[in-house]
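Below: the structure, in structure tokens.
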Amino acid sequence: MNVASAIAQSGLNAAQRRMDSSAHNIANVETGNFRREDVTQEAVAEGGVKTHTRRATVPGEALAKDLVDQKSAGYAFDANLKVIQTEKKMMGRLLDEQA
């Protein structure tokens, strides 16, 4: 796997984790004493990101934050997918030129 693909793949995984976590929080907004999940991301020195999920220390909802997180994760997923598609297209053209 190319470096650009590996970085984009880590972005896809992070976006998926953020989407899953926000969906989980929204689905449980009416659950008593529910402690929501928060996902944090940090850059990896070799490129890409890694994520960490933790539970909130106190019960409560943050519906607006979860809805924004879902939208943001969707945009991040699309952007990283576009990187992979572009790399694939570039490699195909390079192979066509070499043939």
Side-chain angles (χ1 to χ4, degrees):
M1 182 180 285
N2 189 318
V3 174
S5 290
I7 292 170
Q9 182 65 48
S10 75
L12 287 172
N13 293 338
Q16 184 65 54
R17 187 174 230 179
R18 288 174 47 213
M19 183 69 78
D20 291 345
S21 180
S22 62
H24 174 74
N25 291 340
I26 291 168
N28 287 288
V29 75
E30 296 292 326
T31 302
N33 291 326
F34 176 72
R35 292 184 307 146
R36 56 190 311 283
E37 293 180 349
D38 284 318
V39 176
T40 56
Q41 291 180 202
E42 67 179 274
V44 176
E46 303 82 36
V49 294
K50 68 178 177 178
T51 58
H52 304 283
T53 304
R54 65 176 180 82
R55 291 269 180 206
T57 55
V58 295
E61 53 90 13
L63 191 56
K65 181 184 182 321
D66 290 321
L67 293 172
V68 170
D69 282 350
Q70 278 198 344
K71 199 67 157 168
S72 174
Y75 290 139
F77 196 91
D78 290 344
N80 284 292
L81 184 59
K82 190 70 169 172
V83 168
I84 292 171
Q85 290 170 336
T86 301
E87 182 193 21
K88 183 178 177 182
K89 188 185 300 182
M90 287 173 40
M91 289 302 291
R93 288 185 181 159
L94 177 64
L95 293 173
D96 289 345
E97 288 292 322
Q98 296 296 321

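Numbering of residues begins at 1 and proceeds along the displayed sequence.
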Original post:
Just how far is it from atom CG of L67 to atom CD1 of I26, taken to the nearest 0.5 Å?
Top reply: 4.5 Å

**OP:** Return the set of residues passing side chain to side chain donor-acceptor pair (under 3.5 Å) with T86 (not counting sequence neighbours), or none when no residue passes.
**Re:** none

Original post:
salt bridge (Lys or Arg N to Asp or Glu O under 4.0 Å) with D38: which residues, sequence neighbours excluded?
Top reply: R36, R54

Original post:
Other than M19, what residues sit in its cluster of Ile, Leu, Val, Met, Phe, Trp and Tyr side chains whose heavy atoms are under 4.5 Å apart, directly or through others?
Top reply: none

Original post:
By side chain to side chain contact (heavy atoms under 4.5 Å, CB included), which residues pair with R35, not counting sequence neighbours?
Top reply: R55, P59

Subject >> Non-neighbouring partners of A4 that pass side chain to side chain contact (heavy atoms under 4.5 Å, CB included), sequence neighbours left out >> reply: N2, E87

Original post:
Sequence neighbours excluded, which residues qualify as side chain to side chain donor-acceptor pair (under 3.5 Å) partners of K65?
Top reply: D69

Do any side-chain atoms of residues 45-52 form donor-acceptor pairs under 3.5 angstrom with protein atoms, and if so which ones, sequence neighbours left out?
unit_1 : atom_1 : unit_2 : atom_2 : d
T51    : OG1    : R17    : NH1    : 2.7
H52    : NE2    : E42    : OE2    : 2.9

Going by atom type alone, with no hydrogens or angles, which donor-acceptor pairs under 3.5 Å involve a side-chain atom of residues 70-80 and a protein atom two or more places apart or on another chain?
unit_1 : atom_1 : unit_2 : atom_2 : d
S72    : OG     : R18    : NH2    : 2.7
N80    : ND2    : A76    : O      : 2.8

Original post:
For residues 11-49, which residue pairs qualify under ring-ring contact (aromatic ring centres under 6.0 Å, His included), counting only residues two or more places apart or in two chains?
Top reply: H24-F34

Subject >> Qualifying residues under side chain to side chain donor-acceptor pair (under 3.5 Å), relative to S21, sequence neighbours excluded >> reply: E37

**OP:** Using side chain to side chain contact (heavy atoms under 4.5 Å, CB included) as the criterion, list what pairs up with D20, not counting sequence neighbours.
**Re:** Q16

